[in-house]
Amino acid sequence: VHAAQRGNRWQKFTEADSEEATLQLSLLGELDAAMASGELWNAYQPKLDLHSGKVLSVEALVRWNHAQRGPIGPDKFIPLVEEHGRAADLTRHVLQQALEDAWSWQERGHPINVAVNVSASVLADHGFIESVREALRTSPVPPERITIEVTESAAMNDPARAIAALESWRALGVRISIDDYGTGQSSLGYLQTLPATELKIDKSFVQTIASDTRNAIMVRSTIAMAHELGLKVVAEGIEDQECLDRLREMGCDTAQGFFISKPLSAPELADFLGTGARAAA
Ligand code: C2E
Ligand code: MG
Ligand code: MG
Ligand code: MG
């Protein structure tokens, strides 16, 4: 840095920013290799069915164990992948892995449902939906064993387009879950037109039901409303017994959170299903 620029904070920020940008771009360039090598892998977080006390489904959460940089969370690389038009490739990869793992669990006697997160940018992409149709056709896993999780805000971006896209997804036979529900300001009128099978209440509401009476009232009413509309309800972010007990009392169908299990590798999940699947109930 030139001596005259040393005290210039704006200059410093610019350098830091461009360093970060370079780092991000190199990450993007490594995406294909990371998918091929297994540096990018699916963790699976169990979802506990509160009616049977069994784990009947899991959610795939992508992870990047970078050889030099260590673990990188999805919040760091998904936005980058989105911005550079690689979301369809990454999602295809996650789904393909999910289908293979779902088949291996089924063969071990655990025919569980697997959810994959699908972002707004690929939700209505016809080419992407077609490639999913092909992946489902060539997999022995029945399509109803797969759920796509779409955030409420993604579905709200362009409601008419989202509804049309979700109809195409339904036609593939997969289930549809509205993720992070409660954070995206969808109107009640809109909600009942969505071809969804499940509402997933955001952890920010779930985590305060024991301490915040008003929040508890909202969660209870949301569960009742969803049931009236024929939707199942999942609560995410359960971190203690009290929260789990309250949700069960409220009639919530499914629970997910660190208290039940953190996200696991595929082999860890196979062990969990074989041994600990009923422990949290
Ligand atoms: P999400 O789909 O809402 O996933 C829930 C996030 O909450 C996950 O973070 C999960 O590890 C975390 N979580 C689970 N239980 C608890 C709990 O009890 N307490 C707390 N505090 N957190 C909990 P993660 O894995 O870092 O994923 C973050 C977000 O990244 C996800 O939010 C999802 O939107 C996105 N994401 C993850 N994998 C994929 C993917 O394959 N494709 C796309 N498009 N997005 C993905
Ligand atoms: Mg999700
Ligand atoms: Mg969520
Ligand atoms: Mg979330």
Side-chain angles (χ1 to χ4, degrees), residues 31 34-35 39-48 55 57-65 71-99 101 113-125 128 132 135 146-155 157 169 174-184 196-210 219 222 233-244 247 252 254-266 268-269 272 280:
L31 186 69
M35 288 194 284
E39 264 189 26
L40 265 169
W41 58 283
N42 289 0
Y44 296 99
Q45 188 175 31
K47 298 181 183 175
L48 182 69
V55 169
S57 52
V58 295
E59 174 180 11
L61 292 162
V62 71
R63 299 285 179 260
W64 192 334
N65 285 354
I72 306 170
D75 291 333
K76 260 255 144 63
F77 63 86
I78 298 237
L80 179 75
V81 165
E82 295 278 336
E83 279 162 34
H84 291 85
R86 300 299 312 274
D89 296 327
L90 178 64
T91 312
R92 236 189 313 271
H93 179 76
V94 171
L95 177 73
Q96 191 55 47
Q97 191 61 59
L99 285 168
D101 290 331
N113 182 288
V114 184
V116 171
N117 292 284
V118 172
S119 61
S121 72
V122 295
L123 181 68
D125 177 334
F128 176 66
V132 172
I146 300 298
T147 297
I148 60 161
E149 293 194 8
V150 182
T151 62
E152 185 190 19
S153 52
N157 272 351
W169 283 96
V174 303
R175 297 170 197 259
I176 296 165
S177 181
I178 307 300
D179 203 354
D180 300 350
Y181 183 74
T183 62
T197 42
E198 181 182 282
L199 278 194
K200 194 163 182 186
I201 303 177
D202 192 70
K203 51 178 173 282
S204 58
F205 302 98
V206 171
Q207 289 177 337
T208 53
I209 55 171
V219 169
T222 301
V233 181
V234 182
E236 67 170 25
I238 289 139
E239 294 183 357
D240 55 57
Q241 182 76 55
E242 183 177 12
C243 184
L244 180 62
L247 286 161
C252 185
T254 308
Q256 186 182 24
F258 296 158
F259 182 66
I260 293 147
S261 172
K262 67 180 176 55
L264 304 171
S265 69
E268 284 171 337
L269 182 76
F272 181 87

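Note that the structure is predicted; figures quoted are calculated from it, not measured. Counting convention: from 1, in listed order, for ligands and their atoms alike.
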Main-chain N/O of I176 paired with T197 side-chain donor or acceptor, under 3.5 Å: yes
Sub-4.0 Å heavy-atom approach of I238 to ligand 1: yes
Residue P263 vicinity, atoms of ligand 1 by number, heavy atom under 4.0 Å: 11 (O)
Short N/O/S contact of D180 with the Mg ion (ligand 2) (below 2.8 Å): no
Aromatic ring pairing W64/F77, orientation class (parallel under 30°, perpendicular over 60°, tilted between): perpendicular
Part of V62 within contact of ligand 1 (heavy atoms, under 4.0 Å): both
Closest candidate by heavy atom, reference atom 26 (O) of ligand 1, pool G73, P74, A60: P74
Qualifying residue for side-chain contact (heavy atoms from CB on, under 4.5 Å) with N117, from V62, L95, D179: D179
Partners passing side chain to side chain donor-acceptor pair (under 3.5 Å) against R63 (at least two apart in sequence or in another chain): none
For ligand 1, the portion of V94 having any non-hydrogen atom under 4.0 Å away: side chain
Region of V116 that comes within reach of ligand 1 [heavy atoms, distance under 4.0 Å]: neither
For ligand 1, the portion of E236 having any non-hydrogen atom under 4.0 Å away: side chain
The Mg ion (ligand 2) to nearest N/O/S of N117 below 2.8 Å: yes
Which of the ligand 1 atoms, numbered from 1, are nearer than 4.0 Å to a heavy atom of Q45: 14 (C), 15 (N)
Location of contacts on R63 toward ligand 1, heavy atoms closer than 4.0 Å: side chain
Approximate separation, where rounding is to 0.5 Å, of D202 CG and E152 CD: 9.0 Å
Sidechain-backbone polar pair: E239 side chain, Q207 backbone, donor-acceptor under 3.5 Å: no
Part of A87 within contact of ligand 1 (heavy atoms, under 4.0 Å): neither
Y181: which of L199, V234, T151 passes side-chain contact (heavy atoms from CB on, under 4.5 Å): L199
Heteroatom test (N, O or S) for D202 near the Mg ion (ligand 3), limit 2.8 Å: no
Among E59, E236, E149, salt bridge (Lys or Arg N to Asp or Glu O under 4.0 Å) partner for K47: E149
Numbering as shown, the atoms of ligand 1 that approach E59 to under 4.0 Å (heavy-atom distance): 2 (O), 4 (O)
Distance-only donor-acceptor check, side chains E82 and S119, under 3.5 Å: yes
4.5 Å side-chain heavy-atom contact, L264 and Y44: no
F258, any N or O under 3.5 Å of ligand 1 N or O: yes
Options I148, D75, L40, I78, ranked by nearest heavy atom to atom 43 (C) of ligand 1, top entry: I78
Backbone or side-chain N/O/S of E236 under 2.8 Å of the Mg ion (ligand 2): no
